Amino acid sequence: MTLDLVAIVISAILVNNFVLMRFLGICPFLGVSRRLSTAMGMGVAVIFVMTLASAITWIFQHGLLTPLGLDYLQTVVYILVIASLVQFVEMVIQKTSPALYQALGIYLPIITTNCAILGVAFINVREYYSFLESSVNGFAGGVGFTLAIVLFAGVRERLDVAETPAALQGVPIALISAGLMSVGFFGFRNLFHFLFS
Amino acid sequence: MSRLRKLVDDFRNGIIPENPLLRLVLGMCPALAISTAVMNGFWMGVAVTFVLTGSNLLISLIRGLIPSRVRIPCFIVVIATFVTVVDLTMNAFLPEMHQILGIFVPLIVVNCIILARAETFASRKPALNSVVDGLGMGLGFTLALVIISSIREILGTANLVVAGWRVFGAGLPFNPAQVMVMPPGAFVTLGLIVGALNLATRRRSRRAACREEARS
Amino acid sequence: MKESLRLPLVLATVCALSAGILTLTHGVTSELIAARAAEALAAGLREVLPEAETFHDRSDVPAIAAFPEIGQVHEGRRGDAVVGVVFRVTTAGYGGPVEVLVAVDATGSVAAVRVVGAVRETPGLGTRITEREFLDQFTGTARPPLTFGRDVQAITGATDSSRAVLDAVNVGLKAHAALGAR
Amino acid sequence: MVAAVITLFVMGLAFGGLLAVAARKFAVDADPRTEAVQAALPGVNCGACGYAGCSAFAEAAARGDARPDGCPAGGPALALQLAAILGKKVEAREREVAQVLCAGSRSEAPDRAVYSGIPDCRAAVLIAGGPKGCTYGCLGLGTCVRVCRFDAMHMNANDLPEVSGDRCTGCTACVKACPRGMIVMAPASRRVHIRCNSRDRGAVVRKVCTVGCIACRLCVKECPREAITFADNLARIDYARCDNCQACVKVCPMHTIGISPERVQARGA
């Protein structure tokens with residue numbers, strides 16, 4: 001049992017990283033990674049929401065959709081759950097602790113439209129994960145996202161100082177360096193064969 | 001007459017000046033993931049265009065009834081409905097393409113372009129303009145997707161498969177660079193295309209500035 | 001009180017409308033999807049086991065439970081003589097799951113192998129597992145476990161994808177042996 | 001059919017209620033201008049503006065940190081709208097233009113070391129305060145020119161940045177980028193500027209630069225409208241009071257005080 005969980009964690013963080021391998025969550029990945037501090041804040045908020053979203057969407061799937069045979073409503077139910085959940089959590093944090101809101105809360109609205117959150121919910125369903133496996137996958141996916149965005153923020157801060165051709169400045173050079181990072185992550189490709197076979 | 005002019009402008013707007021993918025750099029998740037083959041890019045573009053036009057129409061029709069506090073969830077549900085309709089119809093009529101595009105069809109619902117257009121445009125403009133804007137944006141997105149995926153497919157597999165027909169027959173003479181159909185290739189291709197577009201507009205604006213300088 | 005009542009009502013009606021529309025679409029499309037799937041399966045079976053005239057679904061045979069990869073089992077008959085058995089096997093490829101139809105004739109050797117459904121292997125390399133040149137090598141092989149080099153040649157540069165098909169054929173042969181022993 | 005409609009209706013009711021109650025119980029008062037900007041924004045939180053979502057961008061725009069056209073999702077139409085909301089506040093004061101307060105190019109203020117590293121002032125400054133003799137002066141590596149998105153800044157013949165007033169939109173990008181803090185915003189119509197940023201004593205300045213401010217205070221006494229303030233060895237012009245009378249220019253022994261060219265018309269915002 002624990003071997004499966006370890007396999008899920010390694011796959012979500014390294015082998016099939018959500019951002020660099022599965023292209024989930026690219027918009028915030030490129031948008032919010034200009035400074036290391038905002039990238040870290042974004043990462044932690046994504047971990048929190050992905051774990052929560054994975055767990056709750058699993059409950060809605062196995063508690064409501066499958067028994068009633070309404071699988072075709074998955075998209076509507078999941079996005080409704082995620083959007084309302086995030087908006088509610090944002091209001092709670094904004095009211096209860098402004099300090100935490102300043103550090104993490106401001107990232108919450110951006111997370112509703114993040115492909116990674118809805119993406120992980122769909123992956124959990126298609127891989128027939130159990131409740132525990134889904135939550136772990138959500139958590140590991142968040143950690144993978146944070147790893148990618150923090151590394152990328154470091155790269156982008158160097159980019160600001162480096163001399164890039166005028167036309168490539170901004171998004172183009174960021175995309176190209178993300179491509180090179182993705183090549184780096186290819187190194188983990190057969191980590192599984194190494195560990196598990 | 002000016003109304004028609006306005007409609008044409010709205011339509012043309014989404015294709016070049018405000019191309020969602022290459023100009024505003026939004027909605028990249030699907031663009032990077034499925035642009036390994038030109039047919040994937042085309043059908044994803046068609047799906048996004050349908051959802052965009054449909055949701056723009058419905059949102060601009062019901063925009064008066066929705067209280068502002070619950071605006072985002074309502075728009076999201078409307079968009080999710082159109083996405084599920086596309087998901088089901090594609091599964092029925094194009095099962096293979098539906099399986100290839102996988103989770104990126106339902107993921108259209110969180111595609112930044114659609115919610116952005118719904119919010120900035122559809123919820124403030126009359127229905128006709130919204131539909132035209134949706135079409136324009138969708139077409140721009142499809143165009144950009146087709147361009148990216150054909151570049152990647154040609155470089156990555158030395159061939160181009162359009163609706164089952166192999167354009168280059170046995171394949172182009174060069175040895176295909178397999179990295180182009182892998183994730184790194186996607187990032188680099190999109191980066192270079194956006195860069196090339198910046199170069200073109202920068203050069204055009206500089207030439208315009210010189211002309212203006214010469215005149216003043 | 002009015003405001004905090006109107007909000008949920010509006011959202012609820014929008015959701016209800018959406019549910020209505022989707023149920024209608026689902027109603028229409030689900031029949032189409034089922035019909036199309038059945039059609040594709042029938043075509044696949046005929047292609048893999050041409051000699052058989054009629055196919056009988058044996059997916060619920062207890063012996064199959066031992067093979068989780070096998071989704072369906074169809075027994076092909078000409079008249080009432082069993083001509084062969086077709087297994088629909090799903091194995092893990094490079095880019096995602098690969099669905100393979102493995103037809104094993106009465107003598108226990110492989111009649112034919114086809115890859116069905118969408119293939120998400122690496123375009124240009126992995127996708128070549130659908131080509132006859134690779135698949136026809138399996139015809140005539142019998143004693144599982146088959147291996148690369150001895151019985152069959154893998155596609156260069158697409159080992160993961162080729163192994164997926166090899167595993168599927170091995171599973172088919174073992175399942176047929178288990179069924180035969182019944 | 002019925003099951004689907006009922007389940008979603010109930011879910012909509014539940015979530016709508018949750019949000020409505022939360023909205024009331026957790027109401028937080030925000031400053032009206034941020035609210036106005038936020039209402040205009042798409043509310044999509046796509047992050048393309050570099051801020052963590054629309055509310056963060058709205059606060060930054062209201063504070064004046066973010067530029068009105070900083071939201072790509074909204075496109076130019078939204079930029080105009082935001083400029084209108086924010087512009088109304090900014091337009092009240094006269095249009096501001098960037099001014100480079102250093103006249104010491106390599107010939108007037110020679111380098112004391114040869115720098116061969118990343119060709120960027122922010123990087124050069126990290127290494128022992130940069131190659132220039134004067135530790136407050138312009139390094140001439142062109143960061144401000146590169147950061148300027150309106151092509152309003154160019155390096156002139158003797159390697160000092162020059163601002164073309166009609167192109168500068170007052171976005172303050174160069175002010176933030178310059179590690180020496182040597183670029184200030186001045187109203188477009190002002191033409192007299194003390195082109196020096198050095199806090200060293202006069203004797204030190206003489207050693208490193210031939211056009212630096214040596215803190216002799218002649219200009220402070222000379223100015224008829226007391227528009228020049230003096231602090232830690234450096235004279236500064238208070239642009240609100242100065243009326244371009246150029247009395248100080250004649251009296252300055254080091255010719256530090258320069259006059260910017262006449263051709264600066266106010267450009268339509």
Side-chain angles (χ1 to χ4, degrees), chain A residues 16-17 19-31 72-80 82-84 86-87 109-123 125-126 164-186 189, chain B residues 22 25-35 69-70 72-88 91 102-116 179 182-203:
Chain A
N16 296 321
N17 183 289
V19 180
L20 294 169
M21 287 302 174
R22 293 196 186 155
F23 296 114
L24 295 172
I26 302 286
C27 298
F29 173 73
L30 279 173
Y72 58 90
L73 289 182
Q74 253 174 20
T75 318
V76 181
V77 167
Y78 281 5
I79 197 66
L80 189 62
I82 292 174
S84 317
V86 170
Q87 205 163 357
I110 194 171
I111 288 173
T112 26
T113 62
N114 180 340
C115 312
I117 310 292
L118 193 56
V120 80
F122 279 121
I123 289 171
V125 170
R126 291 176 188 217
T164 48
L168 285 185
Q169 277 171 353
V171 170
I173 192 68
L175 277 170
I176 292 170
S177 13
L180 297 180
M181 256 180 79
S182 162
V183 172
F185 269 73
F186 255 76
R189 194 76 199 161
Chain B
L22 302 177
V25 198
L26 289 175
M28 277 179 295
C29 299
L32 293 169
I34 51 92
S35 54
R69 173 61 66 183
V70 80
I72 299 268
C74 281
F75 287 168
I76 283 188
V77 168
V78 165
I79 296 172
T81 318
F82 277 101
V83 168
T84 318
V85 166
V86 163
D87 196 17
L88 292 174
N91 197 355
I103 61 170
F104 285 101
V105 174
L107 273 181
I108 296 178
V109 81
V110 277
N111 193 325
C112 313
I113 310 171
I114 297 181
L115 207 55
V179 77
M182 292 189 186
F187 283 114
V188 172
T189 317
L190 188 58
L192 290 178
I193 292 176
V194 174
L197 221 58
N198 287 353
L199 197 67
T201 38
R202 172 181 291 274
R203 190 161 289 150

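Heavy-atom basis, side chains included; hydrogens, waters and symmetry copies ignored. This one's a predicted model, so the numbers in the text were calculated from it and none came from an experiment.
In terms of heavy atoms, F187(B) sits closest to F23(A) at CE1-CE2, 3.6 Å. Of all heavy-atom pairs spanning Q169(A) and N198(B), the tightest one is O-ND2, 4.5 Å. The minimum heavy-atom distance linking I103(B) with G119(A) is given by the pair CD1-O, 4.4 Å. Residues P184(B) and F186(A) approach most closely at CD-CE1, 3.5 Å, considering heavy atoms.
Between chain A and the options L197(B), V77(B), L190(B), the largest number of non-hydrogen pairs under 4.5 Å is found for L190(B). Note on L175(A), L24(A), L80(A): by heavy-atom pairs under 4.5 Å with chain B, the leading option is L175(A). Contacts with chain B were tallied for I123(A), T75(A), V19(A); T75(A) has the most, counting heavy-atom pairs under 4.5 Å. Put simply, of P106(B), G195(B), P183(B), the one with the most heavy-atom pairs under 4.5 Å next to chain A is P183(B). Ranked by heavy-atom pairs under 4.5 Å with chain A, the first of L107(B), V194(B), V83(B) is L107(B).
Looking at V76(A), both its backbone and its side chain come within 4.5 Å of chain B, counting heavy atoms on both sides. Contacts of F185(A) with chain B are absent, with no heavy-atom separation under 4.5 Å from either backbone or side chain. Contacts between L88(B) and chain A at a heavy-atom distance below 4.5 Å involve the side chain alone, from C-beta outward. For A178(A), the parts lying near chain B are the backbone and the side chain together; criterion is any non-hydrogen pair under 4.5 Å. Of the two parts of V77(A), neither the backbone nor the side chain holds a non-hydrogen atom closer than 4.5 Å to a non-hydrogen atom of chain B. Using a 4.5 Å cut-off between heavy atoms, L20(A) touches chain B through backbone and side chain atoms alike. For chain B, the nearby part of Q87(A) is the side chain; its heavy atoms alone come within less than 4.5 Å. The part of R22(A) that comes within reach of chain B is its backbone (N, CA, C, O), which places non-hydrogen atoms under 4.5 angstrom from that chain.
Counted within 6.0 Å of CZ on R203(B), heavy atoms from surrounding residues, nucleotides or ligands total 12 or fewer; the atom is thus considered open.
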